[in-house]
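The first residue of the sequence shown is numbered 1, and numbering continues consecutively from there.
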Amino acid sequence: MKTILTGIRANSVLTLGNYLGALLPMVRLSNKYSNEYNINIFVPDLHSIISEVDGDLQENIIRTLKYYLVAGLKINENVHIYRQSHVPAHSELCWILNCNATMGEMGRMTQYKEKSEGKASANVGVFDYPVLMAADILLHDADYVPLGEDQFQHIELTRNVAERFNHRYGEVFTVPVETAKQVEFMGVEKPIRVRDLVNPEKKMSKSTASENSKIMLDDTPEKAAKKIMSATTDSFSDVQFDFETRPGISNLLYIEALLTDTPLTEVVEKWQGETRYGELKKQVAESVSGMLSEFQAKLSAISDEEVLELFTEGEKYANEVANKKLLAVQKAVHLR
């Protein structure tokens, strides 16, 4: 069976953008293909510590898996849940892959440039984490790695490192499919990208300083509704969908379509030409607050013990697969 692999860092509570753009699509993909593919859903806790963790890391790890369950993830024998740090082969393969990646490749990573910009020095983890990400993927022979467009460069790095290793040492790794086919497999024309509510030119991010710029999954429904009502729109006289010239109002239409699981074309058609932005904001605020009320009620009903049991079962599988692949790599480079 081919493998689909994905994970979300456990640095903090997730945003609505994380939920709609990454977590929910992955759950739907998993439920669709779990009888045909191995589905590896892991919490990349080693990636989490390259930057500051908001709150307690262990609580964040458990809560992250709860998010998947609340979103409707169905567990069967092909769906494997695990913590990255509980599969030591990830770290060891990262070192071996470091010896097959180049400084030039790493220095060109856009995320490294962004995360280190303006700092006297960045920690080595910020520079090197794309290689650990490659290890995450290659250890499990993952063909498909559903990711946001800001991570596409890392998929290409993984492909390059895998092809280079295979050329030097023999066909050890499965090379993940190219990014265009990754997007096609996910069944979307392009990745979902919910925008910042204050500056809609940017994506919604949990690291943004402005609280009003993002909706967190632990915001009260009332607080979230207020953020929508104060969201940046534009200076035009009516509602039109165009992310290039009207990103603010377009973002609200986009959020409404995602939350109500309605085709975007239908939502746009309903509100096109409306001259009162307030009415649209009220509708989106209602959709957001309703979603959060239901989401938070389901979240509180899942126990930590249930989550830890799922992790333990998944880690048995993940270690078995990862150790087998690591041994093949060690033999290829003559460490064994």
Answer yes or no: is there a side-chain heavy-atom contact under 4.5 Å between [X] and [Y]?
X	Y	result
Leu308	Arg83	yes
Ile39	Met26	yes
Leu217	Met291	yes
Asp54	Lys206	no
Phe311	His86	no
Ser51	Arg9	yes
Glu274	Leu280	no
Leu197	Asn212	no

Legend entry - Tyr112-Tyr129 aromatic ring centre distance below 6.0 Å: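 No, too far apart.
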
Legend entry - Centroid-centroid distance, Tyr254 to Phe243, less than 6.0 Å: yes

Legend entry - Trace of the side-chain hydrogen bond (donor to acceptor under 3.5 Å, both in side chains) decision for Thr208 with Ser210: CA-CA 6 Å; Thr208 308; Ser210 171; over 6 Å; no

Inset, instruction - Would you check, one step at a time, whether the test side-chain hydrogen bond (donor to acceptor under 3.5 Å, both in side chains) holds for Arg28 with Asn31? - result: CA-CA 5 Å; Arg28 289 171 174 167; Asn31 291 344; over 6 Å; no

Would you call [X] and [Y] a salt bridge, using N to O less than 4.0 angstrom?
X	Y	result
Glu266	Lys270	no
Asp304	Lys66	yes
Asp218	Lys223	no
Glu105	Arg164	yes
Arg159	Glu156	yes

Inset, instruction - May I have the step-by-step check of side-chain contact (heavy atoms from CB on, under 4.5 Å) for Tyr144 and Tyr33, ending in yes or no? - result: CA-CA 12 Å; Tyr144 296 102; Tyr33 288 115; over 6 Å; no

Inset, instruction - Would you check if there is a donor-acceptor pair between the side chains of Tyr82 and Asn319 at a distance under 3.5 Å? - result: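 Their side chains do not contain a donor-acceptor pair, so the 3.5 Å distance test is not met.
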
Inset, instruction - Begin with the C-alpha distance, continue with both residues' side-chain angles, and end with the deciding distance and a verdict on salt bridge (charged side-chain N to carboxylate O under 4.0 Å, His left out) for Lys298 and Glu294. - result: CA-CA 6 Å; Lys298 290 180 178 179; Glu294 183 178 355; 3.3 Å; yes

Legend entry - Heavy-atom closest pair, residues Gly72 and Val27: C-CG1, 3.6 Å

Legend entry - Least distance between heavy atoms, Ile49 atom then Leu46 atom: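 For Ile49 versus Leu46, the nearest heavy atoms are CG1-O, 3.3 Å.
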
Inset, instruction - Please state whether the rings of Tyr317 and His80 are parallel, tilted or perpendicular, taking 30° and 60° as the class boundaries. - result: parallel

Legend entry - Test applied, ring pair (Phe, Tyr, Trp, His ring centres under 6.0 Å); reference residue, Tyr19; option that passes from Phe295, Tyr68, Tyr67: Phe295

Inset, instruction - Please step through side-chain hydrogen bond (donor to acceptor under 3.5 Å, both in side chains) for the pair Asp136 and His47, ending with a clear verdict. - result: CA-CA 11 Å; Asp136 301 333; His47 287 293; 2.9 Å; yes

Inset, instruction - Answer yes or no: are there more than 12 heavy-atom neighbours, outside Lys203 itself, under 6.0 Å from its atom NZ? - result: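 For Lys203, atom NZ is not crowded (no more than 12 foreign heavy atoms under 6.0 Å).
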
Legend entry - Any donor-acceptor pair under 3.5 Å from Lys281 side chain to Met229 backbone: yes

